[in-house]
Amino acid sequence: MSVFSKPVFEGTVVFEGNELFKGQGAAKQWAQQVGNELGIAVEARKIGTGWALVGELDGVETVWGIFGQRLKRISGAGGE
């Protein structure tokens, strides 16, 4: 099962219209899963009041948050 199809049952906050992880620990765990699946380094990064997942995908810094209890690309390769 892809990490992108798993439900994200973690505390979240909304910052500038994006739903982000509330806690650093949860974000780090998800970052590791995303990194393992994509074969890239992904880190948890503080953005405003929450935590996002950030990694370089196809040479472009890509940021993931949450939408509808699933991971969602906020910006970067193929994103906004």
Side-chain angles (χ1 to χ4, degrees):
M1 172 185 264
S2 170
V3 69
F4 294 99
S5 63
K6 289 182 180 179
V8 178
F9 294 120
E10 307 288 351
T12 63
V13 296
V14 176
F15 180 74
E16 294 183 349
N18 294 306
E19 190 174 2
L20 305 173
F21 290 91
K22 185 175 184 178
Q24 180 182 20
K28 282 184 174 182
Q29 290 177 348
W30 281 91
Q32 183 176 358
Q33 292 180 56
V34 170
N36 289 343
E37 182 161 326
L38 298 178
I40 62 172
V42 178
E43 68 178 8
R45 186 179 298 168
K46 181 84 169 171
I47 298 180
T49 57
W51 292 86
L53 313 182
V54 181
E56 190 170 306
L57 184 62
D58 298 328
V60 178
E61 183 177 83
T62 303
V63 180
W64 293 272
I66 305 166
F67 180 77
Q69 294 182 335
R70 299 288 188 269
L71 292 177
K72 173 192 177 221
R73 184 179 296 148
I74 296 172
S75 67
E80 298 173 358

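Quick caveat: nothing in here was measured; it's all calculated off a predicted structure.
- Atom CD of Gln33 is surrounded by more than 12 heavy atoms from other residues, nucleotides or ligands within 6.0 Å.
- Residues Ile40 and Val34 are members of one and the same hydrophobic cluster, defined by side-chain heavy-atom contacts under 4.5 angstrom among Ile, Leu, Val, Met, Phe, Trp and Tyr.
- The minimum heavy-atom distance linking Ala31 with Ala44 is given by the pair CB-N, 4.0 Å.
- Under a hydrophobic-cluster definition in which Ile, Leu, Val, Met, Phe, Trp and Tyr are linked whenever side-chain heavy atoms come within less than 4.5 Å, directly or via other members, Phe4 and Trp30 are assigned to the same cluster.
- Within the model, atoms OG1 of Thr12 and CD of Gln69 stand 9.0 Å from one another, a figure rounded to the nearest 0.5 Å.
- Between Pro7 and Arg70, the closest heavy-atom pair is CA-NH1, 3.1 Å.
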- Message: Go through it in stages, so that I can follow the logic: the residues are Leu57 and Trp64, the test is side-chain contact (heavy atoms from CB on, under 4.5 Å), and I'd like the CA-CA distance, side-chain angles, deciding distance and then a yes or no.
- Response: CA-CA 11 Å; Leu57 184 62; Trp64 293 272; 4.1 Å; yes

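- Closest heavy-atom contact between Trp51 and Lys22: CD1-O, 3.7 Å.
- By the 4.5 Å heavy-atom criterion applied to side chains, Leu20 and Ile74 are counted as neighbours.
- Under the side chain to side chain contact (heavy atoms under 4.5 Å, CB included) criterion, Gln29 pairs with no residue at all, not counting sequence neighbours.
- Hydrophobic clustering, with ILVMFWY side chains joined whenever heavy atoms are under 4.5 angstrom apart, groups Leu38 together with Ile66.
- Applying the salt bridge (charged side-chain N to carboxylate O under 4.0 Å, His left out) definition to pairs two or more places apart or across chains, none involves residues 6-21.
- Sorted by first and then second residue, the salt bridge (charged side-chain N to carboxylate O under 4.0 Å, His left out) pairs with a member in residues 33-44 read Glu43-Arg45; sequence neighbours excluded.
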